[in-house]
Amino acid sequence: MSVLDADIIVRLTRLACGQDDVADLTKPLAGIAVDMHSKYDSMSFLMSEANSLKALPNLQPLVSNLNPMSTQLDIDYIAELARLALKADEKIRLTGQLEGILDYIQQLQNVDVEGVEPTAHAFSIYNVYRADEPGPTFTPEEALMNAPLLASGKRAIREDQLVVPKVVE
Amino acid sequence: MSQDLCFKTAAELSHLLKDKAVSAVEVTTAFIERTERLDPQVKAFLNTDAANALAQAKASDERRANGGALGPLDGVPVALKDNTAVIGQSMTSGSKILKDYISPYDGTCTQKLKAAGMVLWGRANLDEFAMGSSTENSAFFPTNNPWDLKASPGGSSGGSAAAVAASFAPLAIGSDTGGSIRQPASFCGIVGVKPTYGRVSRYGLASLASSLDQLGPLGYTVEDAAMLLQVMAGHDERDSTSLNVAVPDYVGALQANIKGKRIGIAQDYLGEGLADNVRAAFEKAVQFYKAAGCELVDISLPHTALAVPVYYIILAAEASSNLARYDGVRYTHRSAEVSDAIDLFAKSRAEGFGPEVKRRIILGTYVLNSGYYDAYYLRAQKVRTLIRRDFALAFKQVDAILTPTAPTVAFKQGAKVNDPLAMYLNDIYTIPTNLAGICGVSFNGGFSADGMPMGLQLLGDVLAESTIFNLTHAFEKAHPEANKRPTLA
């Protein structure tokens with residue numbers, strides 16, 4: 001079983017029943033995950049098959065709560081803000097890992113920062129202005145030389161401009 | 001002869017070239033041949049262009065023949081981390097999203113290397129967008145440690161460090177946001193420098209966390225690193241955070257007497273987690289400095305343990321906004337099937353970024369999310385102030401601070417890659433430097449019982465690079481075994 005699977009299992013188990021009894025529940029689940037992994041290579045399958053898993057001993061509380069979005073960290077909302085189309089198994093994995101990291105950074109809440117100025121840069125920085133005079137710049141060809149490649153093999157360029165999907169109706 | 005050239009330091013090559021005992025073409029050919037023979041084992045480079053390097057070397061030889069050498073490093077090869085802009089070359093930043101990107105311009109550091117006549121040779125592997133401490137987050141392949149091919153070379157500048165350690169190039173450029181030059185230098189038994197924030201222009205460096213990023217040199221010796229920083233450093237109007245302060249003569253300062261220098265020792269860097277063998281190497285260096293007439297001073301850096309949580313909030317926040325530019329619109333990978341503009345952004349990014357980059361973008365977006373901003377980002381910036389103050393107070397008492405670079409020798413590949421928090425904690429000794437904006441150098445403090453290098457770190461105050469070069473150069477002169485090179489066949 002890969003470590004990745006173990007991560008997901010622990011995560012799913014925690015979602016269902018908190019931190020307790022993780023080991024007890026992980027054991028039977030591990031066997032299933034290995035089996036699933038070899039057949040379908042995706043935890044999204046495990047979720048879609050939740051109903052058929054309910055028949056297995058010890059797994060009812062887990063399966064009835066099988067919902068990766070039911071935590072404080074609203075991964076769908078954050079992924080939308082970040083403009084990242086995450087897959088279902090990525091969401092489960094990231095939620096578990098981020099909760100661990102967020103637990104760890106909670107320690108900052110105990111630090112006394114009363115009256116302390118925030119540091120945005122190690123040194124004070126100021127706007128820097130140059131003389132308002134034309135200087136060397138990219139030609140249109142240089143600026144567009146890395147334009148995205150389309151399925152046709154051509155670059156997304158038309159008349160020295162980038163081509164994007166229609167934005168307004 | 002050609003193999004021998006690969007084992008010379010940059011300073012030695014500089015003398016040989018000056019004396020016309022060798023040509024830049026001979027030197028470059030030696031490094032190309034060695035790389036072609038042995039890099040399939042090490043995998044330090046993502047891209048190489050031998051013909052281009054040889055053309056640069058030929059131009060160097062012609063300059064020298066006409067009496068117009070551009071400086072001491074004219075004709076000396078240098079490898080560049082693949083997140084720096086060189087016109088006409090790749091700049092993948094270790095990411096699939098920039099797989100086909102060709103830079104249309106030279107960054108400022110690149111321009112300076114070219115103006116010094118250096119031969120740009122090889123684009124070094126890195127963790128994707130410099131996020132990582134093992135080079136296993138490269139979207140292309142992991143790099144192997146030349147001292148133990150099953151071990152990690154460290155990261156994120158693992159390719160740069162491995163290229164120098166394996167003698168594929170005498171010098172390399174890396175970038176350091178939380179230890180990404182110093183930790184791989186430590187793991188690979190070489191010297192790596194994180195200059196003071198603003199000492200080297202960031203123009204042409206793919207931004208990770210703009211308030212922490214800094215380009216720096218890697219080489220086999222302190223002298224080599226100092227020679228390269230001499231070329232890289234300086235004010236640049238295209239980087240508004242660049243410091244407008246004259247660059248001192250780093251190489252000239254190497255020989256100064258270190259007697260009477262005050263070196264700080266902070267127990268905050270010597271606690272739980274530090275391996276016994278690295279601790280022993282550290283103690284040995286303390287004894288060396290004592291014997292050399294330095295004054296060892298106990299100092300306190302009480303907010304050190306908070307540096308890692310502060311760093312991961314600030315880094316993730318800055319990275320999530322810096323990486324917004326990779327959206328599939330102007331350059332970078334674009335997803336093939338998209339329904340609208342938002343879908344184009346979200347799918348192109350999801351397909352182009354690897355897991356660690358996604359993790360940090362999500363974390364950064366979360367901590368900047370309205371409602372959490374004060375609790376995470378603003379609070380982290382305030383604790384960052386406390387960490388800066390720790391150093392400001394310490395540098396009133398001492399000239400430099402001696403610490404280990406990393407808690408252990410190079411770990412095996414795969415050992416930490418599935419546990420992001422364990423990977424993050426590996427950087428505990430290097431992260432505070434970037435938060436405070438001060439400078440630091442990692443140098444080889446000796447070898448473990450099984451032959452792995454153990455790096456030590458000397459931290460200096462703002463713009464005190466000459467001081468830390470002087471002190472580490474003295475250690476190196478007294479410990480020639482620290483400059484040993486790995487055997488590859």
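Order of the sequence lines fixes the chain letters, A, B, ..., with proteins taken first and strands second; residue numbering starts at 1 for each chain.
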Does any backbone or side-chain atom of [X] lie under 4.5 Å from a heavy atom of chain A? Answer side chain, backbone, both or neither.
{"X": "B/Y377", "result": "neither"}
{"X": "B/V462", "result": "side chain"}
{"X": "B/R388", "result": "side chain"}
{"X": "B/L212", "result": "neither"}
{"X": "B/S210", "result": "backbone"}
{"X": "B/A324", "result": "neither"}
{"X": "B/T332", "result": "backbone"}
{"X": "B/A341", "result": "both"}
{"X": "B/Y101", "result": "both"}
{"X": "B/L344", "result": "side chain"}
{"X": "B/N369", "result": "side chain"}

Counting heavy-atom pairs under 4.5 Å to chain A, which of [options] comes out on top?
{"options": "B/H303, B/K347, B/R330", "answer": "B/R330"}
{"options": "B/V383, B/V310, B/V329", "answer": "B/V329"}
{"options": "B/A380, B/G364, B/A375", "answer": "B/A375"}
{"options": "B/I313, B/D327, B/V338, B/I387", "answer": "B/I313"}

As an exercise, state the distance from [atom1] of [X] to [atom2] of [Y], rounded to the nearest 0.5 Å.
{"X": "B/Y105", "Y": "A/F138", "atom1": "OH", "atom2": "CZ", "result": "7.0 Å"}
{"X": "B/S240", "Y": "A/Y129", "atom1": "OG", "atom2": "OH", "result": "10.5 Å"}
{"X": "A/Y104", "Y": "B/L425", "atom1": "OH", "atom2": "CG", "result": "4.5 Å"}
{"X": "B/T365", "Y": "A/Y77", "atom1": "OG1", "atom2": "OH", "result": "10.5 Å"}
{"X": "A/I101", "Y": "B/Y424", "atom1": "CD1", "atom2": "OH", "result": "4.0 Å"}
{"X": "A/R155", "Y": "B/R334", "atom1": "CZ", "atom2": "CZ", "result": "11.5 Å"}

What residue in [options] has the most heavy-atom pairs under 4.5 Å with chain B?
{"options": "A/L86, A/V128, A/L98", "answer": "A/L98"}
{"options": "A/G100, A/A79, A/A120", "answer": "A/A120"}
{"options": "A/Q109, A/K87, A/K166", "answer": "A/Q109"}
{"options": "A/L102, A/L84, A/T119", "answer": "A/T119"}

Could you tell me which portion of [X] (side chain, backbone, both or neither) has an atom closer than 4.5 angstrom to a non-hydrogen atom of chain B?
{"X": "A/L108", "result": "both"}
{"X": "A/Q106", "result": "side chain"}
{"X": "A/V164", "result": "both"}
{"X": "A/D112", "result": "backbone"}
{"X": "A/I78", "result": "both"}
{"X": "A/L162", "result": "side chain"}

[X] to [Y] - nearest heavy-atom pair and separation:
{"X": "B/G437", "Y": "A/A122", "value": "CA-CB, 3.6 Å"}
{"X": "B/R379", "Y": "A/V111", "value": "NH1-O, 2.9 Å"}
{"X": "A/A85", "Y": "B/A350", "value": "O-CB, 3.1 Å"}

Show your reasoning for whether salt bridge (charged side-chain N to carboxylate O under 4.0 Å, His left out) applies to A/E90 and B/K358.
CA-CA 9 Å; A/E90 282 182 305; B/K358 288 178 183 173; 2.6 Å; yes

If contact means a heavy atom pair closer than 4.5 Å, which residues of residues 141-150 of chain A contact chain B?
A/E142, A/M145, A/N146, A/A147, A/P148, A/L149, A/L150

Out of B/I362, B/I361, B/L363, which one pairs with A/L94 under the side-chain contact (heavy atoms from CB on, under 4.5 Å) rule?
B/I362

Do side-chain atoms of [X] reach the backbone of [Y] as a donor and acceptor pair under 3.5 angstrom?
{"X": "B/R349", "Y": "A/A82", "value": "yes"}
{"X": "A/R130", "Y": "B/E237", "value": "no"}
{"X": "B/T385", "Y": "A/E117", "value": "yes"}

Mind checking whether B/Y197 and A/H121 have parallel, tilted or perpendicular rings, split at 30° and 60°?
tilted

Any non-hydrogen side-chain atom of B/T196 less than 4.5 Å from a side-chain atom of A/F123?
yes

